[in-house]
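For reference, the structure is listed below as structure tokens.
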Amino acid sequence: MQKTRFPAVVTTFIVSYAFWILLTWSFSAQELAAGAVVSLVVALFSARFFIHERAFWLFSPLKFAYAVIFWLGVFMVELVKANVDMAKRCFTGCKNINPGIVKIPVDIKSDYGQAALANAITLTPGTITMEITEEAGQTYYYVHWIDVAKPSGKEAGDAIKGTLEKWLRRVWE
Amino acid sequence: MLRVIIDILIGIGAVFALAGTIGVIKMPDVFSRMQASTCITTLGVLGVCLGALLYAIFVMQHPSTAVKIVVIAALVLTTNPVGAHAIAKGAYQAGIRPEKKMETDDYRRDFDE
């Protein structure tokens with residue numbers, strides 16, 4: 001079990017407080033004070049589960065800009081492409097599928113980066129990440145793929161990840 | 001004009017939700033059905049939320065509602081893949097296999113038998 005560190009508490013507090021303000025959207029002094037107290041308590045108890053690595057990475061403007069470009073730009077384009085593809089398969093009778101589970105190598109070291117990439121892969125229709133393993137220093141994902149075009153390994157990885165991995169490495173490294 | 005754009009966005013969301021629903025009913029096995037259901041939770045939700053967001057900003061002119069719609073979209077998009085990943089892995093480890101043999105199955109090769 002990890003110890004509660006001060007930077008982690010600060011970051012968790014900021015995130016919780018931002019959520020409080022977004023959900024209440026009222027700026028009277030009473031609401032703000034109550035939110036600060038509740039966020040502080042939540043941060044003290046949950047910071048050690050929430051933050052495992054550097055606590056302030058999102059507060060670097062460049063990383064934040066990369067994160068915004070990734071989630072609102074690059075990722076949305078991939079999402080729309082995959083959705084149109086999946087919708088075509090569904091409307092043409094679900095016969096045109098070729099499912100299988102492939103194993104792909106991934107070159108992201110950070111835990112958060114790996115989690116974000118796995119979530120991004122799962123969120124695009126047509127691929128679901130099932131398991132993350134590490135063998136001899138190299139991280140592998142097991143991905144269920146609705147239309148297996150290439151056998152396991154680097155080529156399948158390039159086809160599934162596309163530009164996602166490159167951008168996530170910029171955000172987290 | 002604005003109402004037309006809002007209606008088109010909500011219509012796009014509805015079309016992708018319909019596609020996902022057809023997929024959930026007609027796909028042959030658990031994993032393929034889960035793949036189809038992702039259509040509903042991504043572009044289905046995003047289309048409807050985007051339409052509702054424009055409606056809240058320009059027609060209702062109510063910032064509180066607009067912010068809550070953004071929070072809804074963000075929460076659906078961040079929590080959905082966690083559940084999908086857990087269900088797929090759980091189904092596989094509980095012994096559910098598709099009737100038709102899969103094209104490649106590295107997971108069985110490395111973890112089973």
Side-chain angles (χ1 to χ4, degrees), chain A residues 18-19 21-26 71 75-76 78-80 82-95 97-104 115-116 118-133 135 140-153 156, chain B residues 15-16 18-29 31-44 46-47 62-68 70-71 74-75 77-89 91-93 98 100-111:
Chain A
F19 254 94
I21 290 174
L22 286 181
L23 285 176
T24 56
W25 205 251
S26 96
W71 287 110
F75 181 63
M76 284 301 150
E78 295 281 328
L79 197 61
V80 171
N83 259 294
V84 170
D85 181 63
M86 194 71 205
K88 263 188 215 154
R89 284 176 211 280
C90 289
F91 280 133
T92 51
C94 304
K95 292 287 180 286
I97 60 170
N98 187 18
I101 300 176
V102 295
K103 181 181 183 183
I104 59 173
N119 279 0
I121 288 176
T122 307
L123 214 43
T124 43
T127 45
I128 293 183
T129 315
M130 292 176 66
E131 176 84 272
I132 300 179
T133 53
E135 288 168 16
Y140 291 97
Y141 287 4
Y142 290 90
V143 177
H144 182 271
W145 197 2
I146 195 78
D147 182 26
V148 178
K150 306 215 171 59
S152 288
Chain B
V15 166
F16 279 101
L18 176 68
T21 314
I22 292 175
V24 168
I25 294 172
K26 289 194 71 181
M27 286 286 183
D29 60 84
F31 305 105
S32 309
R33 275 198 284 273
M34 290 192 56
Q35 303 276 20
S37 78
T38 324
C39 256
I40 307 172
T41 45
T42 53
L43 264 200
L46 273 183
H62 201 258
S64 161
T65 312
V67 167
K68 283 187 184 74
V70 173
V71 172
L75 282 184
L77 285 187
T78 46
T79 52
N80 165 57
V82 181
H85 145 79
I87 293 171
K89 189 177 161 187
Y92 200 94
Q93 294 196 337
K100 213 179 99 193
K101 205 165 176 326
M102 285 205 235
E103 174 74 17
T104 52
D105 193 347
D106 288 344
Y107 199 64
R108 170 178 282 181
R109 188 194 68 201
D110 290 356
F111 283 91

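This structure is a prediction, so every number in the text was calculated from the model and none was measured. The analysis underlying the following values was restricted to heavy atoms, covering all of them including side chains, and did not include hydrogens, waters or symmetry mates.
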What part of [X] gets within 4.5 angstrom of chain A, counting heavy atoms only: side chain, backbone, both, or neither?
X: Ile25(B); answer: neither
X: Val15(B); answer: both
X: Thr78(B); answer: backbone

Please step through side chain to side chain contact (heavy atoms under 4.5 Å, CB included) for the pair Phe91(A) and Leu18(B), ending with a clear verdict. CA-CA 9 Å; Phe91(A) 280 133; Leu18(B) 176 68; 4.1 Å; yes

Using 0.5 Å steps for rounding, measure from the [atom1] atom of [X] to the [atom2] atom of [Y].
X: Lys26(B); Y: Ile97(A); atom1: NZ; atom2: CD1; value: 11.0 Å
X: His144(A); Y: His85(B); atom1: NE2; atom2: NE2; value: 15.0 Å
X: Ser37(B); Y: Ile128(A); atom1: OG; atom2: CD1; value: 6.5 Å

How far apart are the C-alpha atoms of Phe19(A) and Val71(B), what are their side-chain angles, what is the distance that settles it, and do they pass the side chain to side chain contact (heavy atoms under 4.5 Å, CB included) test? CA-CA 9 Å; Phe19(A) 254 94; Val71(B) 172; 3.9 Å; yes

Between Met86(A) and Thr38(B), is a side chain to side chain contact (heavy atoms under 4.5 Å, CB included) present by the stated rule, with each step listed? CA-CA 9 Å; Met86(A) 194 71 205; Thr38(B) 324; over 6 Å; no

List the steps, then state whether side chain to side chain contact (heavy atoms under 4.5 Å, CB included) holds for Leu79(A) with Leu46(B). CA-CA 11 Å; Leu79(A) 197 61; Leu46(B) 273 183; 4.0 Å; yes

Please flag which part of Thr127(A) lies under 4.5 Å from any non-hydrogen atom of chain B: side chain, backbone, both or neither. backbone

Does any heavy atom of chain B fall under 4.5 Å from the side chain of Trp71(A), the backbone, both, or neither of them? neither

Those residues that, when tested against Thr41(B), pass side chain to side chain donor-acceptor pair (under 3.5 Å) (two or more places apart): Asn80(B)

Pairs of heavy atoms under 4.5 Å with chain B: top-ranked of Leu123(A), Thr122(A), Val80(A): Leu123(A)

Looking only at Val84(A), Asn83(A), Asn119(A), Thr24(A), most heavy-atom pairs under 4.5 Å shared with chain B are made by Asn83(A)

Quick check: do [X] and [Y] have side-chain heavy atoms less than 4.5 Å from each other?
X: Pro99(A); Y: Phe31(B); value: no
X: Thr21(B); Y: Cys90(A); value: no
X: Ile101(A); Y: Tyr92(B); value: yes

Test item: Lys89(B) side-chain N/O and Glu131(A) main-chain N/O as donor-acceptor pair under 3.5 Å: no

When only pairs under 4.5 Å are counted, which of Ala88(B), Gly44(B), Cys39(B), Ala84(B) shares the most heavy-atom pairs with chain A? Cys39(B)

